[in-house]
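The first residue of the sequence shown is numbered 1, and numbering continues consecutively from there.
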Amino acid sequence: MSDRDTSLLKKPTVNDIARVAGVSLATVDRVLNMRPGVRRVTIDKVNDAIVQLGYVRDTAAANLARKRFYRLLFVLPETTNEFVLALQEAITEQSGKQHDQRTTLAAVSVPPFDPQSIVDVLDRLDPQSTDGVALFGPETPSVRDAVNRARSRGIAVVALVSDLPSSDRHHFVGFDNIAAGRTAASLMGRFVRGPGRILVITGSRLARDHLERRTGFDAVMREEFPDLEVVASIEGRDDPELILNMLPGVFDAYPDICGIYSSAAGNPGLIRFLEASGPHEGLVVVAHELTTASRAALASGLFDAIISQDTGHLVRSAVRLLKATADQAPFDQTQERIRIDIYLRENMPAV
């Protein structure tokens, strides 16, 4: 192999960038680390050299050399619902694993569906102590503006589970909620026998994930199963007791309910109602998230199907995307795609 062939196999280095750009190593370092004091024309020369050479930065090595730490925060609703508790457990698990990656994870809880509490947390974030935040909360103008203010201060922001597309958030981590709703409708329409009414239990009309699921659900029911009437959602605010107390009145008003789509949390309240008022012959129930309670309901036959997303994957993806955003580094989009998992009694994974 010739010297020329060998040189082609070598990875370009910062020395090569400095040589091609005609600048010093110190200048290359300033540009790579986005430090001030470099003229725009010089920055352009360095970036042109990077593209010309095909230079890919070893972010991990660079961060180790400059003792880079990542300080990431998760903002979650303050609730006892099992899905959020599973997220908290996944954050705790990842916190231990991320220690060797010079990354610290923390979580703060705010009252559910309370935009002002989220705004207060975001506005208190200091870029000197927080590099990125993963936010699970409602989409309102005040939250949107607080997200934009956090980003303008140099804090990376990802929306978690429920998207915030009206804001300048960097990424969304969660499955496609419209597709999840469409999937639920497809299952419902195929499982229900005969005409009747379908009840949808939602959490809050402020929650974009809940609205998107209902949008997808309605579209498929209207297109493919017009003999099934979807009645107005009941807003359970992810509160099992509230759902338990609301359901008797709903069934009195609509005695021909033949299916329930539980599109949010609060499944324990639905389960308690079904257990206390049953049997409900032919009633089909499609719910969200594989938790201890929903798993038991699926095993016993109270639930027919569960649509779920892996909480561990959600947390790992949020961490990777926040770190990549903080470093302005590339990421693998396929690795960050959250799957829509469908569980029946027959394919539940082992605990």
Side-chain angles (χ1 to χ4, degrees), residues 72-99 103-115 117-118 121 133-138 158-163 172-175 177 180 201-204 206-210 213 235-244 262-275 285-300 302-303 305-319 322 338-343 348-351:
L72 309 180
L73 178 68
F74 285 78
V75 180
L76 304 175
E78 186 176 21
T79 176
T80 58
N81 92 58
E82 291 181 303
F83 177 66
V84 174
L85 295 179
L87 278 174
Q88 292 172 342
E89 291 174 2
I91 293 167
T92 300
E93 179 184 0
Q94 277 301 302
S95 182
K97 294 179 178 180
Q98 289 288 326
H99 181 73
T103 302
T104 60
L105 306 183
V108 61
S109 297
V110 297
F113 312 117
D114 184 348
S117 295
I118 294 172
V121 169
V133 58
L135 171 62
F136 181 4
V158 300
L160 184 66
V161 179
S162 184
D163 200 3
F172 167 57
V173 179
F175 62 25
N177 282 292
I201 303 174
T202 190
S204 170
L206 291 177
R208 187 178 186 91
D209 54 333
H210 301 172
R213 291 171 191 176
E235 193 169 355
R237 300 190 68 80
D238 292 351
D239 183 341
E241 290 297 326
L242 178 59
I243 292 170
L244 175 63
S262 180
S263 68
N267 284 329
L270 170 60
I271 292 168
R272 287 165 59 191
F273 167 77
L274 294 175
E275 290 175 336
V285 180
V286 178
H288 271 261
E289 312 308 345
L290 190 66
T291 65
T292 300
S294 63
R295 177 189 289 271
L298 193 58
S300 70
L302 279 178
F303 286 4
I306 293 174
I307 296 167
S308 194
Q309 51 194 321
D310 188 295
T311 52
H313 192 180
L314 288 167
V315 172
R316 293 190 299 272
S317 182
V319 170
L322 286 172
I338 308 298
R339 297 190 313 270
I340 298 175
D341 294 324
I342 302 172
Y343 294 111
M348 275 194 298
V351 178

So, for [X] and [Y], which heavy atoms are closest and what is the spacing to 0.1 Å?
{"X": "Leu105", "Y": "Ile91", "value": "CD1-O, 3.9 Å"}
{"X": "Arg213", "Y": "Ser263", "value": "NH1-O, 2.6 Å"}
{"X": "Leu298", "Y": "Ala305", "value": "CD1-N, 3.8 Å"}
{"X": "Val84", "Y": "Phe136", "value": "CG2-CE2, 4.1 Å"}
{"X": "Phe175", "Y": "Ile307", "value": "CE2-CG2, 4.1 Å"}
{"X": "Ala265", "Y": "Asp238", "value": "N-OD1, 3.1 Å"}

With no hydrogens and no angle check, is any side-chain donor or acceptor of [X] less than 3.5 Å from a backbone partner on [Y]?
{"X": "Ser300", "Y": "Ala297", "answer": "yes"}
{"X": "Arg295", "Y": "Pro349", "answer": "yes"}
{"X": "Ser262", "Y": "Asn267", "answer": "no"}
{"X": "His210", "Y": "Thr202", "answer": "no"}
{"X": "Ser109", "Y": "Glu78", "answer": "no"}

With rounding to the nearest 0.5 angstrom, report the [atom1] to [atom2] distance, [X] to [Y].
{"X": "Leu314", "Y": "Gln309", "atom1": "CG", "atom2": "CD", "result": "5.0 Å"}
{"X": "Glu289", "Y": "Thr291", "atom1": "CD", "atom2": "OG1", "result": "8.5 Å"}
{"X": "Phe83", "Y": "Thr311", "atom1": "CZ", "atom2": "OG1", "result": "6.5 Å"}
{"X": "Phe303", "Y": "Leu290", "atom1": "CZ", "atom2": "CG", "result": "11.0 Å"}
{"X": "Asp209", "Y": "Asp163", "atom1": "CG", "atom2": "CG", "result": "9.5 Å"}
{"X": "Ile243", "Y": "Ile271", "atom1": "CD1", "atom2": "CD1", "result": "10.5 Å"}

- Is the shortest distance from a Lys or Arg side-chain nitrogen in Arg237 or Asp239 to a carboxylate oxygen in the other one below 4.0 Å?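 No salt bridge links Arg237 with Asp239.
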- Message: For a 4.5 angstrom cut-off between non-hydrogen side-chain atoms, does Val285 reach Leu302?
- Response: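 No; the side chains remain at least 4.5 Å from each other.
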- Output, in order, the C-alpha distance, side-chain angles, deciding distance and verdict of salt bridge (Lys or Arg N to Asp or Glu O under 4.0 Å) for Arg316 and Glu93. CA-CA 10 Å; Arg316 293 190 299 272; Glu93 179 184 0; over 6 Å; no
